[in-house]
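In what follows, every chain begins at residue 1, and chains take the letters A, B, ... in the order their sequences are listed. Every heavy atom of this structure was used, including side-chain atoms; hydrogens, water molecules and symmetry mates were not.
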Amino acid sequence: MRFMVLVKATADSEAGAQPTQELLEAMMAYNEELVKAGIMKGGDGLQPSSKGARVQFDGARRTVVDGPFAETKELVAGYWIWECKSLDEAIEWVKRCPNPMPGPSEIEIRPFYDLADFGEIVSPEVEAQWQRLKTEIGDN
Amino acid sequence: MRVMVLVKADKASEAGEMPSEDMLTRMGAYNEELVKAGVMLAGEGLHPTSKGLRMRFSGNERAITDGPFAETKELLAGFWIWQVRSIDEAVEWLKRAPFDGGTEIELRPIFEMEDFGEAMTPELREQEERLRAETAKLGG
């Protein structure tokens with residue numbers, strides 16, 4: 001099963017505080033273990049929301065709002081994509097993560113939808129297109 | 001540059017409501033354009049937060065809270081990772097997405113190694129490059 005593992009933002013990450021070398025080394029060693037275990041499929045840090053934007057969709061209307069955004073602890077500061085046998089396995093791996101922030105922090109775990117979850121509304125054409133696109137972006 | 005495109009949740013997505021066949025078809029066509037243009041690197045839908053959880057890090061303590069979570073419009077329902085020339089290009093692509101009905105999408109630039117400055121030592125840089133190459137081989 002695939003999961004998104006989200007590192008939530010804090011005042012520090014939103015202020016653009018750089019990680020220390022110590023944290024970078026600890027996180028790199030952790031990522032090394034994830035890769036060795038065949039779990040890590042991807043992962044990145046996101047720049048603070050001051051560097052980002054939001055687009056609001058309402059019918060045909062599109063409204064662009066520049067960051068920063070207010071709800072710090074609900075913002076995303078980083079993510080991984082993992083392949084695990086179960087949610088429990090993902091939880092065990094998250095427990096072993098070095099604290100990604102200088103102070104208290106939070107990590108959220110979310111399972112991915114598979115096309116199979118959408119059931120009958122997926123036509124054979126859409127399914128074939130999905131498989132083809134996944135192959136083209138190298139996500140097999 | 002790479003950006004993360006965060007599709008925020010709404011009541012429907014948190015209730016596990018399925019998209020219509022029409023929406024799946026339009027989204028398939030949009031993803032097709034993104035792949036053809038070399039923009040789409042990854043993209044997934046997330047199950048509602050009732051299927052997820054959060055882990056709090058504080059010193060050596062780890063505390064788990066099961067979903068669902070309350071702040072619906074700040075929750076994540078899906079994401080893409082895009083390769084673009086600028087945030088402006090990402091905004092132009094995003095305006096063409098087949099969302100409507102009050103969806104909000106957030107765009108966040110991804111940290112590259114250069115952004116970390118001196119803490120990203122040559123050894124860490126080499127390790128990062130090696131892990132990314134191994135992750136790519138794992139089909140991420």
**Student:** Based on non-hydrogen pairs under 4.5 Å, which of A/Thr20, A/Ile91, A/Asp58, A/Leu46 is most in contact with chain B?
**Tutor:** A/Leu46

**Student:** Measure distances from B/Thr49 to the heavy atoms of chain A and classify the residue's part below 4.5 Å as side chain, backbone, both or neither.
**Tutor:** both

**Student:** Name the region of A/Val94, side chain, backbone, both or neither, that has any atom closer than 4.5 Å to a heavy atom of chain B.
**Tutor:**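 It is both, since atoms from each part get that close.
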
**Student:** Using non-hydrogen atoms only, which part of A/Ile107 is less than 4.5 Å away from chain B: side chain, backbone, both, or neither?
**Tutor:** both

**Student:** Using a strict threshold of under 4.0 Å (side-chain N to carboxylate O), is an ion pair present between B/Arg130 and B/Glu134?
**Tutor:** yes

**Student:** Side chain, backbone, both or neither: which part of B/Ala63 has a heavy atom under 4.5 Å from chain A?
**Tutor:**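 Interface part for B/Ala63: neither.
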
**Student:** Measuring heavy-atom distances to chain B, does A/Ala60 have an atom under 4.5 Å in its side chain, in its backbone, in both, or in neither?
**Tutor:** neither

**Student:** With a 4.0 Å cut-off on N to O distance, would you call A/Glu92 and A/Lys95 a salt bridge?
**Tutor:**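 The answer is yes: the pair qualifies as a salt bridge.
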
**Student:** Out of B/Val35, B/Ile64, B/Leu131, which one racks up the most heavy-atom pairs below 4.5 Å with chain A?
**Tutor:** B/Leu131

**Student:** Among B/Asn60, B/Ile81, B/Ile87, which residue has the highest count of heavy-atom pairs closer than 4.5 Å to chain A?
**Tutor:** B/Ile81

**Student:** Taking the side chain as every heavy atom from C-beta outward, state whether B/Met113 and B/Glu129 have any pair of such atoms under 4.5 Å apart.
**Tutor:**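 Yes - at least one pair of side-chain heavy atoms lies under 4.5 Å apart.
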
**Student:** Identify which part of B/Arg56 has an atom lying under 4.5 Å from any heavy atom of chain A, answering side chain, backbone, both or neither.
**Tutor:**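 For B/Arg56, backbone and side chain are both near chain A.
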
**Student:** Chain A: which of B/Glu104, B/Glu21, B/Glu118 shares the most heavy-atom pairs with it under 4.5 Å?
**Tutor:** B/Glu104

**Student:** Under 4.5 Å from any heavy atom of chain B, what part of A/Gln56 do you find: side chain, backbone, both or neither?
**Tutor:** both

**Student:** Do A/Val65 and A/Phe57 share a hydrophobic cluster, counting only Ile, Leu, Val, Met, Phe, Trp and Tyr and linking them when any side-chain heavy atoms are less than 4.5 Å apart?
**Tutor:** no

**Student:** Under 4.5 Å heavy-atom distance to chain B, tell me which part of A/Arg132 shows up: side chain, backbone, both or neither.
**Tutor:** side chain

**Student:** Go through A/Cys97, A/Gly78, A/Gly67, A/Ala90 and name the one with the most non-hydrogen pairs under 4.5 angstrom from chain B.
**Tutor:**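 So the answer, after comparing A/Cys97, A/Gly78, A/Gly67, A/Ala90, is A/Cys97.
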
**Student:** Does this structure show an ion pair linking A/Glu106 with A/Lys73, if we count only N-O contacts that are shorter than 4.0 Å?
**Tutor:** no

**Student:** Is any side-chain heavy atom of B/Pro19 closer than 4.5 Å to a side-chain heavy atom of B/Met27?
**Tutor:**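 Sidechains of B/Met27 and B/Pro19: no contact.
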
**Student:** Looking only at heavy atoms and a cut-off of under 4.5 Å, which of B/Met120, B/Met40, B/Glu32 has the most pairs with chain A?
**Tutor:**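 Top option by heavy-atom pairs under 4.5 Å: B/Glu32.
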
**Student:** Examine whether an atom of A/Ile81 lies under 4.5 Å from a heavy atom of chain B, and if so say whether it belongs to the side chain, the backbone or both; otherwise answer neither.
**Tutor:** side chain

**Student:** Who wins among A/Gly103, A/Pro48, A/Gly119 for the most heavy-atom pairs under 4.5 Å with chain B?
**Tutor:** A/Pro48

**Student:** Establish whether A/Leu115 and B/Phe79 are linked, either directly or via other cluster members, by ILVMFWY side-chain heavy-atom contacts under 4.5 Å.
**Tutor:**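 No, because A/Leu115 and B/Phe79 fall into different hydrophobic clusters, even though each may have its own neighbours under 4.5 Å.
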
**Student:** Any idea which of A/Asp117, A/Leu75, A/Leu6, A/Val5 has the most non-hydrogen atom pairs under 4.5 angstrom with chain B?
**Tutor:** A/Asp117

**Student:** With chain B as the partner, which of A/Met28, A/Arg62, A/Gln21 has the greatest number of non-hydrogen pairs under 4.5 Å?
**Tutor:**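 Highest number of heavy-atom pairs under 4.5 Å: A/Met28.
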
**Student:** Let's test your reading of the structure: which of B/Leu34, B/Asn31, B/Leu124 forms the most heavy-atom pairs below 4.5 Å with chain A?
**Tutor:** B/Leu124

**Student:** Just wondering, do A/Phe69 and B/Glu106 contact through their side chains at under 4.5 Å, heavy atoms?
**Tutor:**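 Sidechains of A/Phe69 and B/Glu106: in contact.
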
**Student:** Inspect the contact between B/Lys11 and B/Glu14 and indicate whether a charged nitrogen and a carboxylate oxygen are less than 4.0 angstrom apart.
**Tutor:** no

**Student:** Does atom CD of B/Glu126 have more than 12 heavy-atom neighbours from other groups under 6.0 Å away?
**Tutor:** yes

**Student:** Considering only heavy atoms from C-beta outward, does the side chain of B/Glu44 approach that of A/Met4 to under 4.5 Å?
**Tutor:** no

**Student:** Run the salt-bridge test on B/Arg132 and B/Glu128 with the 4.0 Å N-O cut-off and return the result as yes or no.
**Tutor:** yes

**Student:** By a 4.5 Å heavy-atom criterion (distance strictly below it), what part of B/Lys36 contacts chain A: side chain, backbone, both, or neither?
**Tutor:**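 Contact with chain A involves no heavy atom of B/Lys36 at all.
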
**Student:** With only heavy atoms counted, which part of A/Arg54 is less than 4.5 Å from chain B, the side chain, the backbone, both or neither?
**Tutor:** both

**Student:** For the interface with chain A, which of B/Glu112, B/Lys51, B/Glu61 has the highest count of heavy-atom pairs at distances below 4.5 Å?
**Tutor:**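 Most pairs with chain A among the choices: B/Lys51.
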
**Student:** With a 4.5 angstrom heavy-atom cut-off, is it the side chain or the backbone of A/Val55 that approaches chain B, or both, or neither?
**Tutor:** both

**Student:** Which of these passes side chain to side chain contact (heavy atoms under 4.5 Å, CB included) with B/Leu6: B/Leu76, B/Leu107, B/Leu75?
**Tutor:**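 Single side chain to side chain contact (heavy atoms under 4.5 Å, CB included) partner of B/Leu6 among B/Leu76, B/Leu107, B/Leu75: B/Leu76.
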
**Student:** Count the heavy-atom pairs under 4.5 Å between each of A/Trp130, A/Tyr79, A/Phe3 and chain B, then report the option with the highest count.
**Tutor:** A/Tyr79

**Student:** side-chain hydrogen bond (donor to acceptor under 3.5 Å, both in side chains), that's the test. Do A/Glu125 and A/Gln129 meet it? Break it down for me.
**Tutor:** CA-CA 6 Å; A/Glu125 292 75 26; A/Gln129 183 185 41; over 6 Å; no

